[in-house]
Amino acid sequence: MESEKNITVYCGSSDHTPQKFTDAAVALGREIAAAGAGLVYGAGRTGLMGAVADSVLAAGGRVTGIIPEFMVRRGWHHTGLTELRTVDTMHTRKAMMSSMAKGIIALPGGIGTFEELTEAITWRQLGLFDGNVVIYNVDGYYDNFLAMMETAISEGFMNPDHRGLCLVATDAAEAVRMAMGTPEQNTFSPKF
């Protein structure tokens with residue numbers, strides 16, 4: 001899979017979330033497939049992870065899942081993907097997901113999603129990832145995260161130009177366009 005045609009998606013695997021987030025994941029999967037992009041994700045079969053993968057597959061798209069061996073042993077992986085890559089560690093997983101991506105989109109998720117998102121933003125800051133990092137802010141889910149970034153800027157922990165490290169989308173089509181766009185587009189602007 002060429003990175004120019006892939007979007008990496010970070011998102012939660014919990015089955016205990018409101019339907020609006022599953023609907024957003026399904027819509028994102030349809031938009032990824034419609035754009036002719038492949039999905040690269042953490043290979044989960046449940047929650048938003050499973051929903052976005054199933055949606056891409058149902059729309060005729062291709063999906064590559066990347067998962068550590070210990071998660072496969074626990075049966076957490078999706079068994080119907082175009083390609084499943086098993087790796088040794090979480091660190092290898094994240095590095096591979098990033099290296100295969102033109103852009104990255106974060107759907108809602110928990111601590112693992114937050115960690116992946118902040119690492120992607122950090123890698124963008126350090127020049128280790130040169131694509132767009134997009135926060136798909138479904139129903140204001142990431143408003144507090146964006147406010148925290150603004151606090152870090154106002155308190156001097158981040159430079160004001162660090163706002164340019166990520167974009168914020170409020171619908172699936174916009175998220176895909178941003179992920180596939182040029183890096184110069186980056187700027188987050190919280191919508192409160």
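Each residue takes its place number in the sequence, starting with 1.
- A single hydrophobic cluster is seen to contain both Ile111 and Phe145, as judged by linkage of ILVMFWY side chains at heavy-atom distances under 4.5 Å, directly or through other members.
- Here Met178 contributes atom CE and Ile7 contributes atom CD1; the two are 12.5 Å apart, rounded to the nearest 0.5 Å.
- The closest side-chain heavy-atom distance from Tyr136 to Phe21 is not below 4.5 Å.
- In plain terms, the two heavy atoms of Ala120 and Ile104 that are nearest each other are CB-CD1, 3.9 Å.
- Between Met149 and Arg163 there is no side-chain heavy-atom pair separated by less than 4.5 Å.
- Looking at Ser55, its side chain never comes within 3.5 Å of a backbone N or O of Val52 through a donor-acceptor pair.
- Of the residues listed (Val56, Leu28, Thr8), the one engaging Leu39 in a side-chain contact (heavy atoms from CB on, under 4.5 Å) is Val56, and it is the only one.
- Remark: Met148 CE to Met158 CE distance equals 10.5 Å, nearest 0.5 Å.
- Looking at Thr113 and Leu107, their side chains never come closer than 4.5 Å, going by heavy atoms from C-beta outward.
- Residues Val26 and Val40 do not share a hydrophobic cluster, defined by chaining ILVMFWY side chains whose heavy atoms lie under 4.5 Å apart.
- Between Ala179 and Val134, the shortest heavy-atom distance links the atoms N-CG2, 3.6 Å.
- Distance CH2/Trp123 to CG/Asp130: 12.5 Å, rounded to 0.5 Å.
- Taken from CD1 in Ile153 to CD in Glu155, the straight-line distance is 11.5 Å, to the nearest 0.5 Å.
- Contact annotation: the side chain of Thr22 approaches that of Leu48 to within less than 4.5 Å [non-hydrogen atoms, C-beta and beyond].
- Counting only heavy atoms from C-beta outward, the side chains of Arg85 and Met100 approach each other to under 4.5 Å.
- Heavy-atom minimum distance, Ala25 versus Ala51: CB-CB, 4.0 Å.
- Between the CG atom of Asn6 and the CZ atom of Arg62 there is a distance of 5.5 Å, given to the nearest 0.5 Å.
- When all heavy atoms of Gly44 and His78 are compared, the pair lying nearest together is O-CB, 3.7 Å.
- Using a 4.5 Å heavy-atom cutoff, the side chains of Leu81 and Leu57 are in contact.
- Taking each heavy atom of Arg93 and Ile67 in turn, the nearest pair found is NE-CA, 4.1 Å.
- Counting only distance, with no hydrogens or angles, the side chain of Ser98 and the backbone of Ala95 share no donor-acceptor pair below 3.5 Å.
- Val133 and Leu126 fall within a single hydrophobic cluster, where Ile, Leu, Val, Met, Phe, Trp and Tyr side chains are chained together by heavy-atom contacts under 4.5 Å.
- At distances below 3.5 Å, not a single donor-acceptor pair connects side-chain atoms of Asp15 with backbone N or O atoms of Thr46.
- Here Glu31 does not pair with Arg177 in a salt bridge; the nearest charged N to carboxylate O distance is not below 4.0 Å.
- In the hydrophobic cluster analysis, where Ile, Leu, Val, Met, Phe, Trp and Tyr join through side-chain heavy atoms closer than 4.5 angstrom, Tyr10 is grouped together with Leu128.
- For the pair Tyr41 and Met49, the tightest heavy-atom approach, listed with the atom from each and the gap, is CE1-O, 3.4 Å.
- When atom types are taken as modelled, the side chain of Asn137 and the backbone of Tyr142 share a donor-acceptor pair closer than 3.5 angstrom.
- A continuous path of hydrophobic side-chain contacts links Tyr141 to Val9 [ILVMFWY only; heavy atoms under 4.5 Å].
- Between His77 and Met71 there is no side-chain heavy-atom pair separated by less than 4.5 Å.
- Note that CG of Leu165 is 9.5 Å distant from CG of Asn159, once rounded to the nearest 0.5 Å.
- When side chains are defined from C-beta on, Ser13 does not count as touching Trp76, because their heavy atoms never get closer than 4.5 Å.
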What verdict does the side chain to side chain contact (heavy atoms under 4.5 Å, CB included) test give for Lys94 and Glu115, after you've listed the backbone C-alpha separation in whole Å, the side-chain angles of each residue and the deciding distance to 0.1 Å? CA-CA 10 Å; Lys94 291 184 296 179; Glu115 187 268 338; 2.4 Å; yes
